[in-house]
Number of protein chains: 2
Amino acid sequence: MRNDTQTSTKDQILDIAESHFATFGFAGTSLRGIIKEANVNVASVAYHFGSKDDLFAAVMKRFAAPVVEAQLTRLRSEISKPDLTLEKVLRAFYEPPIQLVHSMGAKGEKLSLFLGRCHSEPEPIFSLVDAHFASCRDEFIEAFRTLDSSQSEASYQWRFEFMLSLIVNFLTRHKSIMQRYQTETDWNALEVVDMLCQFCMHGMSAPLQAKSSKTEK
Amino acid sequence: MRNDTQTSTKDQILDIAESHFATFGFAGTSLRGIIKEANVNVASVAYHFGSKDDLFAAVMKRFAAPVVEAQLTRLRSEISKPDLTLEKVLRAFYEPPIQLVHSMGAKGEKLSLFLGRCHSEPEPIFSLVDAHFASCRDEFIEAFRTLDSSQSEASYQWRFEFMLSLIVNFLTRHKSIMQRYQTETDWNALEVVDMLCQFCMHGMSAPLQAKSSKTEK
DNA sequence: AATCGATTCAATCGCCTGATTGAATCATAT
DNA sequence: ATATGATTCAATCAGGCGATTGAATCGATT
């Protein structure tokens, strides 16, 4: 094993790979583009990770998995206490990714793009991504059920989907959105979390059920 | 010009191209895959459309533009009447795409995927997509301003982004979402529109402003 | 029947893709 | 110093990519 003063080849590849997957998507990313920027040999990728798919999985595990873990740790902590509220659940979901991305500066921008983009990757990558987030979805949906058991099963699913929609869109687009009405690209993480939580909290207070009883053709 | 009993080469290419872009994304789609399934020659693509980018633009114009047009027509109609409400604006946004996709059956599934996916394409495709939807964003944001002029400019932008987030996520994921808790993949368009509108309407009733006055590091 | 523009065709260009090979190099333990 | 296993290297493979070419075919006009 090498004792590196600089980042190891493995980590170097992971860093650049995350950046490329985030910027170009899976299909738009080439191993050659990665290894060129990372100043490593092509074979290093195969040696350390295997195939391109395996590399993507490794990036997911390295960068996305900790976010999910933080969300779940936070959620479980909230559940273990009395007085669980919808807002606490929402904050458990939104705060970890937003805070992390925001605190990382330029690297956070890449992480943000990667986290957002991976949710809209075509198959078969999407299944891999979805599997990584399955436990997150399950536990948050369970929390919704705990908070209000009177809703339909579909309703809980949609709540999670809507909650997810907002952050996926935020992660992928916040940079260009902010540029549209701001000169500076700085933003306040707390304000963003508040905004997302408020929107979801009020949105979920709606019955999320058809109000019309008309049947379609 | 040829008098075709079957679909013309141009339309045949457009149809299959939409399907492939929807399924594999822009980078993941190959012209060879399209022309093989469409049973046409590679050169036909160059002849009728030009480059791969041009083909994508043509698909956008053919399939996505009418949706935006329908949304804007609907919105302008609502604005011209008295008693404009938030719900009417939301329905003007959600109904056209949902109804259209739902009424088209299997072809609607492809359109749905394409409409959703194109919003998360990497650059430079995203810019092309964004330009197509610019007028839509501007007019709906203007409608939000008309409904309530007391909010900040950023707030209107976020309202639109949140509204957009929900349908992008729905269009790309509704099939797999429904399969998760339903045996049948049938769905009721009116119920979906109601659901989206309700969520947004209540979400937007929130101030969409930071409730905390703490400043970050 | 001859002509002409529109369209389609097979064939090919140069380049890039992910993956693999076997040899060279490194770090370490003996 | 030498043997060993871990790592990196240049070189190469077969195949796919977008794009272009010039010839062949089509349909309509004269």
Kindly point out which of [options] is positioned nearest to the side chain of [X]?
X: A/Ala46; options: C/dT20, D/dT20, C/dT17; answer: C/dT20
X: B/Asn41; options: D/dA19, C/dC9, C/dA19; answer: C/dC9
X: A/Ser51; options: C/dA19, D/dG18, D/dT20; answer: C/dA19
X: B/His48; options: C/dT17, D/dC9, C/dT8; answer: C/dT8
X: A/Arg32; options: C/dT17, D/dT20, D/dT7; answer: C/dT17
X: A/Thr9; options: D/dG18, D/dT8, C/dA19; answer: D/dT8
X: A/Leu31; options: C/dT12, D/dT7, C/dG18; answer: C/dG18
X: A/Ala43; options: D/dC9, C/dA6, C/dC9; answer: D/dC9

5'-most contact on DNA chain C: A/Gly50 or B/Asn39, nearest heavy atom basis?
->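 It is B/Asn39 whose nearest nucleotide is closer to the 5' end.
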Given atom [atom1] of [X] and atom [atom2] of [N], what is their separation to the nearest angstrom?
X: A/Asp54; N: C/dG18; atom1: CG; atom2: P; value: 13 Å
X: B/Tyr47; N: D/dA23; atom1: OH; atom2: P; value: 18 Å
X: B/Lys36; N: C/dA10; atom1: NZ; atom2: P; value: 15 Å
X: B/Ile35; N: D/dT20; atom1: CD1; atom2: C1'; value: 14 Å
X: B/Ile34; N: D/dG16; atom1: CD1; atom2: P; value: 16 Å
X: B/Lys10; N: C/dT8; atom1: NZ; atom2: P; value: 10 Å
X: B/Asp11; N: C/dT7; atom1: CG; atom2: P; value: 13 Å

What class does the angle between the rings of B/Phe24 and B/His20 fall in, given that below 30° is parallel, 30 to 60° is tilted and above 60° is perpendicular?
->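 Answer is perpendicular, since the angle exceeds 60°.
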Indicate the ring-plane relationship of B/Phe114 and B/Phe21, choosing parallel, tilted or perpendicular according to the 30° and 60° boundaries.
->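 Tilted: the ring planes of B/Phe114 and B/Phe21 meet at 30° to 60°.
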Are any of B/Ser30's side-chain N or O atoms less than 4.0 Å away from OP1 or OP2 of D/dC17?
->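 For D/dC17, OP1/OP2 do have a side-chain N/O of B/Ser30 under 4.0 Å.
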Are the side chains of B/Glu123 and A/Thr23 in touch, meaning some heavy atoms are under 4.5 Å apart?
->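 Side-chain contact under 4.5 Å: no.
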Do B/Phe56 and B/Val129 come close enough that some side-chain heavy atom pair is under 4.5 Å?
->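 Sidechains of B/Val129 and B/Phe56: in contact.
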Of the options B/Leu72, B/Ile79, B/Val68, which is the one that meets B/Glu139 in a side-chain contact (heavy atoms from CB on, under 4.5 Å)?
->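 When B/Leu72, B/Ile79, B/Val68 are each tested with B/Glu139, the side-chain contact (heavy atoms from CB on, under 4.5 Å) holds only for B/Leu72.
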